[in-house]
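Here the structure is a predicted model, which means the values were calculated and not measured.
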Amino acid sequence: MFQDSERPLYEIKANLFKGLSHPYRIRILEILATASLAVSGPGEVAVADILTETELEASHLSQHLSVLRRHRLVRSQRRGSTVYYRLAFPEVADLLRVARSLLGEILEETKDQLDTAGVLR
């Protein structure tokens, strides 16, 4: 098995995107990104709050959080009986923001193409 330092960067990037490749994992990251932008507070969210926001079953949330931890996108900390999650790096929030912007541009271009196609009929 290759160490990350021995693998081509494109493979490492692909594995990062595998960690992002589920809608609920994106939603979890968005929740954590919003918390990280809060003016006050540590930018952490309790698992119970993530459960409420996502409406996932606890076992499914646990699986998604495990994938995000494995891909080093989030970090967790237990305090008492509560586990808190936060983004591992602020760049994760930047990545989500860039993806949102890119999707907006793609949708706008698609709309323009559809509008043009409608005129040609």
Side-chain angles (χ1 to χ4, degrees):
M1 182 106 169
F2 286 112
Q3 298 288 345
D4 276 353
S5 62
E6 298 172 353
R7 296 169 53 205
L9 184 57
Y10 61 85
E11 283 185 22
I12 296 168
K13 285 181 184 179
N15 281 328
L16 170 68
F17 284 104
K18 286 178 187 177
L20 298 167
S21 68
H22 193 282
Y24 278 113
R25 290 197 287 270
I26 297 295
R27 180 67 187 122
I28 292 164
L29 291 173
E30 288 175 340
I31 292 165
L32 297 176
T34 299
S36 73
L37 297 174
V39 176
S40 61
E44 298 175 323
V45 180
V47 169
D49 294 332
I50 299 172
L51 275 169
T52 300
E53 286 282 325
T54 61
E55 299 181 349
L56 282 168
E57 292 181 23
S59 62
H60 291 151
L61 177 61
S62 177
Q63 290 170 1
H64 288 301
L65 289 169
S66 175
V67 170
L68 292 171
R69 278 193 319 273
R70 185 170 52 250
H71 288 281
R72 300 180 192 155
L73 294 166
V74 299
R75 292 196 177 122
S76 63
Q77 182 177 35
R78 178 179 293 279
R79 290 196 297 274
S81 62
T82 304
V83 178
Y84 295 88
Y85 277 85
R86 63 182 167 84
L87 296 179
F89 304 95
E91 291 83 359
V92 175
D94 296 339
L95 180 62
L96 294 170
R97 203 170 16 265
V98 168
R100 190 176 315 120
S101 175
L102 174 61
L103 286 172
E105 289 183 33
I106 290 170
L107 289 171
E108 187 63 35
E109 183 178 284
T110 301
K111 179 187 173 299
D112 291 346
Q113 289 172 346
L114 290 171
D115 289 347
T116 301
V119 169
L120 296 176
R121 288 186 186 172

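Applying the salt bridge (charged side-chain N to carboxylate O under 4.0 Å, His left out) rule to Lys13 yields no partners; only residues at least two apart in sequence or on another chain are considered. Residues passing the ring pair (Phe, Tyr, Trp, His ring centres under 6.0 Å) test with His64, sequence neighbours excluded: His22.
Around the CD atom of Glu57, the shell of radius 6.0 Å holds no more than 12 heavy atoms that belong to other residues, nucleotides or ligands.
Counting only heavy atoms from C-beta outward, the side chains of Ile26 and Leu20 approach each other to under 4.5 Å. Side-chain contact between Arg100 and Leu103 is absent, with no heavy atoms from C-beta onward closer than 4.5 Å. Contact check for Glu108 versus Asp112: side-chain heavy atoms found under the 4.5 Å cut-off. Side-chain contact between Leu56 and Arg27 is absent, with no heavy atoms from C-beta onward closer than 4.5 Å.
Under the 4.5 Å side-chain heavy-atom criterion for grouping Ile, Leu, Val, Met, Phe, Trp and Tyr, Val47 is not connected to Val67 through any hydrophobic cluster. Linking Ile, Leu, Val, Met, Phe, Trp and Tyr residues whenever their side-chain heavy atoms come within less than 4.5 Å leaves Ile106 and Leu114 in two separate clusters. Linking ILVMFWY side-chain heavy atoms closer than 4.5 Å, directly or via other members, places Phe17 and Ile28 in a single hydrophobic cluster.
Summarising the geometry, atom OG belonging to Ser21 is positioned 10.5 Å from atom CG belonging to Leu16; distances are rounded to the nearest 0.5 Å. Atom CG of Leu73 sits about 8.5 Å away from atom CG of Leu87, to the nearest 0.5 Å. The CG atom of Leu102 sits 14.5 Å away from the CZ atom of Arg97 when rounded to the nearest 0.5 Å. Of the inter-residue distances, the one linking Glu53 atom CD with Leu32 atom CG reads 10.5 Å to the nearest 0.5 angstrom. Note that the CZ atom of Arg86 and the OG atom of Ser76 stand 9.0 Å from one another [nearest 0.5 Å]. Separating the OH atom in Tyr24 from the CD1 atom in Ile50 is a distance of 14.0 Å, to the nearest 0.5 Å.
Under the ring-ring contact (aromatic ring centres under 6.0 Å, His included) criterion, no residue pair touches residues 81-112, with sequence neighbours excluded.
Scanning both residues, Arg75 and Ala88, for their nearest heavy atoms gives NH1-O, 3.1 Å. Across all their heavy atoms, Thr82 and Ala46 have their closest contact at CG2-CB, 3.8 Å.
No donor-acceptor pair under 3.5 Å is formed between the side chain of Ser101 and the backbone N or O of Val98. Here the side chain of Arg25 pairs a donor or acceptor atom with the backbone of Gly19 at under 3.5 angstrom. Although no hydrogens or angles enter the test, the distance criterion places no donor-acceptor pair under 3.5 Å between the side chain of Ser66 and the main chain of Ser62. The main-chain N or O of Val74 is never found under 3.5 Å from a side-chain atom of Arg69 such that the two would form a donor-acceptor pair.
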Trace of the side-chain hydrogen bond (donor to acceptor under 3.5 Å, both in side chains) decision for Arg79 with Gln77:
CA-CA 6 Å; Arg79 290 196 297 274; Gln77 182 177 35; 2.8 Å; yes

What verdict does the side-chain contact (heavy atoms from CB on, under 4.5 Å) test give for Thr34 and Val45, after you've listed the backbone C-alpha separation in whole Å, the side-chain angles of each residue and the deciding distance to 0.1 Å?
CA-CA 10 Å; Thr34 299; Val45 180; over 6 Å; no

